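In what follows, a structure is listed as structure tokens, so that the remarks can point back to it.
Proteins come first, then strands; the chains are lettered A, B, ... in the order of their sequence lines, and each starts at number 1. These numbers come from a predicted model, not from an experiment.
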Number of protein chains: 2
Amino acid sequence: MSGARVTMRDVARAVGMSPMTVSRALRSDSSVSLETRTRIRAAADRLGYVYDGTAAAFRTRKSGFVALTLPSLNNANFAETYRGLSEAMAGSGMQLLLGATNYQVEKEEELVRQLLARNPEALVLTGGHHTAAMRDLVAARNLPLVEMWDLPEAPLGHAVGVSTEAAMALVVAHLVETGRRRFAFLGASEGTDRRGAARRAAVEAAARSHGLPQVAFIDAGPAPVSMRQGAARVAEIGREIADHDALICVSDPVAFGALSACARLGLDVPGDLAITGFGQFEVAEVAVPQITTVAVEAHRIGEEVAGLLDALLAGEAAPRRIEIAPRLVPGATSAQA
Amino acid sequence: MSGARVTMRDVARAVGMSPMTVSRALRSDSSVSLETRTRIRAAADRLGYVYDGTAAAFRTRKSGFVALTLPSLNNANFAETYRGLSEAMAGSGMQLLLGATNYQVEKEEELVRQLLARNPEALVLTGGHHTAAMRDLVAARNLPLVEMWDLPEAPLGHAVGVSTEAAMALVVAHLVETGRRRFAFLGASEGTDRRGAARRAAVEAAARSHGLPQVAFIDAGPAPVSMRQGAARVAEIGREIADHDALICVSDPVAFGALSACARLGLDVPGDLAITGFGQFEVAEVAVPQITTVAVEAHRIGEEVAGLLDALLAGEAAPRRIEIAPRLVPGATSAQA
DNA sequence: GCCTAAGATGTTATCGGTAACAAAAACTGT
DNA sequence: ACAGTTTTTGTTACCGATAACATCTTAGGC
């Protein structure tokens, strides 16, 4: 049952070979004969041997960890990026060490501290905004570093992400084409969501370049904002929301909330008001009417990050910024006015 | 920058003491005199010493990890449980090591192997169904083990979860009260989703006990099934779906998909058909009409698991099973017929 | 046959902390 | 002042895997 743990030595004894050979065999290494290898594998299974990564990490001074921060797990896009990353890294022997920041930069700093204590071989951060202390922390380590989703002009290390400007320009252009000009942006309170703020700024810039009037800002409360907040805020405003003719929402869940509230208010979408979201969440496609959104290849972001890491860990050169092109997915919530 | 790395031995030499004393001083062991401790701390700083957690983990065989498997991150309930767990464990110095199984038991086994390689001090699994090899694997380790969400009669270790029977009985009773009798269950294909299959079985049992006719099964395809699959399947069936008078969906996202499809088909919910979901996802509350669902305190499951782990890691006794009571949240999709 | 190259396996010595036990130094009360 | 405690420091022996180097086979060339 319990007893002493099974080590390579035990496996070695069982097959009458040296622990070194067992080590080589289990790491699927070249120089062990096929027969020996299968014999060792079988013995290991039989004895219930489990590889001790801690010991290996200690000896080789390689933790096998890639540390990763995400704002939240409960977000289809981040979850999908995680999947892409984890699938693409499956063969590499690296393990992901995940932490959630709940959208707070201070939390991120603390989290990164904890993650660094595990001696990760690389660090992947979501977002391009960090505390100064955090930047020092990672600079001192001199680790391969990738920021994702955002696409800073000057990344701390490398970056894989979407140009917010490009993405929001698509939305604004589309709304202009379908005849809208009085825009409002629905997102989280000032200062609580950098990514959202960047989207808003990009919308404003695009609106200016189209010669549109000032874009109104509707505050849905502190981040994270989702369906509930979107719905509540629009419900609170009531039918006056239709003084605008397009409501650009910071994300699809928020857009869905707004859409629901409109339905309850008896407003016609897109007749009285166009609504757009961001992120191509499932709810945008399934909602009635289908919500206009921007698709970002979340899974591919993960894959590209994995590719970068692969190169960086192998000491190869790698592109500093990888831009993932956003794509407009026109839905029925912004059909021709 | 860096030459040879600075170890405790170097620090010890610098202050003329033994490495053991340095070790104690840096861990703020009370048995080191204050003066010695400050002297050692100063020397460590001066020399640029960095504590090697890997070495400590290796020697003490305490990794400070709690390993955790989740079927998917992209699920509000699991994400919330993760949050509950991680928040409740924040002070304990333990770190969560997460892996996603994508709802496959074979994947779970492989994943658990990887996680065990990190010498976690406890293991938390989502679900109560595992491969035999996995059960052996964890039995051999003799680790504190908690299964969550499901509530097996005989847990491998401990369990925190919801009684599926109780939950689905609430739904069935509610539908009977509001005048429905011709039930259909919409969920993933046979054999691809244990948790879903259990819900279906529970619905059938409850229906029998109410003397209702056989519950029809509508196959939404292999797990995981979500909004898209629910919508597609109902769209495919068309208006005949209303031959039933209640559609019990395996989850809220599926229910929302079904609801959308009904809207597109011009069916009146709840007039032509009642719809229920499971899990109190945000979409259930925000959808129009609001979807009847079953609330499970996902965050609390995480907290309770953390409490259990706390006790188990301290070597204290702990309850074998903790049952979280489900609660019906009646929405408009099942209003009185 | 003999010799060399390539292939397969073995030996030794750690990596950097810390548990367990041992001992010296500093107190305590009588 | 001395035995008994308590506090502080030291010694020894690992934890389990693997890098580096050494050794033994086997195959093939001449």
Side-chain angles (χ1 to χ4, degrees), chain A residues 2-41 43-44 47-65 93 95 117-119 121, chain B residues 2-41 43-44 47-65 93 113-114 116-121 140-141 315:
Chain A
S2 57
R5 66 194 306 95
V6 182
T7 77
M8 282 190 181
R9 246 174 272 289
D10 301 313
V11 178
R13 198 160 9 217
V15 297
M17 310 210 94
S18 77
M20 193 65 237
T21 304
V22 174
S23 171
R24 286 194 265 250
L26 293 179
R27 279 176 298 155
S28 52
D29 275 1
S30 37
S31 70
V32 178
S33 74
L34 185 64
E35 192 239 318
T36 307
R37 197 178 319 173
T38 41
R39 216 152 48 90
I40 287 178
R41 289 261 168 81
L47 298 178
Y49 169 77
V50 180
Y51 183 78
D52 186 339
T54 307
F58 172 53
R59 172 66 237 236
T60 61
R61 313 216 47 77
K62 299 204 159 186
S63 65
F65 278 129
Q95 226 168 333
R118 299 291 181 175
N119 292 312
E121 296 179 45
Chain B
S2 61
R5 88 191 79 256
V6 182
T7 76
M8 282 188 180
R9 271 165 193 51
D10 301 313
V11 178
R13 199 159 9 216
V15 296
M17 309 210 93
S18 78
M20 193 65 237
T21 304
V22 174
S23 171
R24 289 194 264 247
L26 294 178
R27 280 177 297 154
S28 32
D29 186 315
S30 56
S31 77
V32 178
S33 74
L34 184 64
E35 192 241 317
T36 307
R37 197 179 319 173
T38 41
R39 216 151 50 89
I40 288 178
R41 288 260 169 83
L47 298 177
Y49 169 77
V50 180
Y51 183 79
D52 185 340
T54 308
F58 173 51
R59 171 64 237 234
T60 59
R61 309 218 51 74
K62 297 207 159 188
S63 61
F65 277 130
R113 267 212 157 71
Q114 283 178 24
L116 287 182
R118 299 293 181 173
N119 290 312
E121 297 179 44
R141 286 296 190 110

* Asked: Does Tyr49(A) put a side-chain nitrogen or oxygen below 4.0 Å from OP1 or OP2 of dG16(D)?
  ->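 False: Tyr49(A) side-chain N/O out of range (4.0 Å or more) of dG16(D) OP1/OP2.
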Minimum-distance pair of heavy atoms, taken over all atoms of [X] and [Y]:
X: Ser18(A); Y: Ala12(A); result: C-CB, 3.7 Å
X: Thr36(A); Y: Met17(A); result: CG2-SD, 3.2 Å
X: Arg39(B); Y: Val15(B); result: NH1-O, 3.5 Å
X: Met8(A); Y: Leu26(A); result: CE-CD1, 4.3 Å

Rounded to the nearest angstrom, tell me the gap between atom [atom1] in [X] and atom [atom2] in [N].
X: Ile40(B); N: dG10(D); atom1: CD1; atom2: C1'; result: 12 Å
X: Met8(B); N: dA19(C); atom1: CE; atom2: P; result: 11 Å
X: Arg27(B); N: dG17(C); atom1: CZ; atom2: P; result: 11 Å

* Asked: Sequence neighbours excluded, which residues qualify as side chain to side chain donor-acceptor pair (under 3.5 Å) partners of Asp52(A)?
  ->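 Residues passing side chain to side chain donor-acceptor pair (under 3.5 Å) with Asp52(A): Arg61(B), Asn119(B).
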* Asked: By side chain to side chain donor-acceptor pair (under 3.5 Å), which residues pair with Ser63(A), not counting sequence neighbours?
  ->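 So Ser63(A) forms no side chain to side chain donor-acceptor pair (under 3.5 Å) with any residue.
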* To do: Note down the inter-axis angle between the two ends of the helix from dG1(C)-dC30(D) to dT30(C)-dA1(D), five pairs each, to the nearest 10°.
  =>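 Rounded value for the end-axis angle: 30°.
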* To do: Using the test salt bridge (Lys or Arg N to Asp or Glu O under 4.0 Å), find all partners of Arg9(A) that sit at least two apart in sequence or belong to another chain.
  =>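 Testing Arg9(A) for salt bridge (Lys or Arg N to Asp or Glu O under 4.0 Å), a comparison that skips the adjacent residues, returns none.
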Shorter than 3.5 Å, N or O on both sides, protein versus nucleotides 13-15 of chain C: list them out with atom names.
{"from": "dT14(C)", "atom 1": "O2", "to": "Arg59(A)", "atom 2": "NH1", "distance (Å)": "3.0"}

* For side chain to side chain contact (heavy atoms under 4.5 Å, CB included), just list the numbers for Arg41(B) and Thr38(B), CA-CA rounded to whole Å, side-chain angles, deciding distance to a tenth of an Å, and then say yes or no. => CA-CA 5 Å; Arg41(B) 288 260 169 83; Thr38(B) 41; 5.5 Å; no
Would you tabulate the nitrogen or oxygen pairs shorter than 3.5 Å linking the protein to nucleotides 7-11 of chain C?
{"from": "dT9(C)", "atom 1": "OP1", "to": "Thr36(A)", "atom 2": "OG1", "distance (Å)": "2.7"}
{"from": "dT9(C)", "atom 1": "OP2", "to": "Ser33(A)", "atom 2": "N", "distance (Å)": "3.1"}
{"from": "dT9(C)", "atom 1": "OP2", "to": "Thr36(A)", "atom 2": "OG1", "distance (Å)": "3.4"}
{"from": "dG10(C)", "atom 1": "OP2", "to": "Ser18(A)", "atom 2": "N", "distance (Å)": "2.8"}
{"from": "dG10(C)", "atom 1": "OP2", "to": "Ser18(A)", "atom 2": "OG", "distance (Å)": "3.1"}
{"from": "dG10(C)", "atom 1": "OP2", "to": "Thr21(A)", "atom 2": "OG1", "distance (Å)": "2.8"}
{"from": "dG10(C)", "atom 1": "N7", "to": "Arg24(A)", "atom 2": "NH2", "distance (Å)": "2.8"}
{"from": "dG10(C)", "atom 1": "O6", "to": "Arg24(A)", "atom 2": "NH1", "distance (Å)": "3.3"}
{"from": "dG10(C)", "atom 1": "O6", "to": "Arg24(A)", "atom 2": "NH2", "distance (Å)": "3.1"}

* **Between CZ on residue Arg118(B) and CZ on residue Phe65(A), distance to nearest 0.5 Å** =>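 Atom-to-atom, Arg118(B):CZ and Phe65(A):CZ are 3.5 Å apart.
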* How many angstroms lie between atom CZ of Arg59(A) and atom CZ of Phe58(B), to the nearest 0.5 angstrom? ->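 It comes to 10.5 Å.
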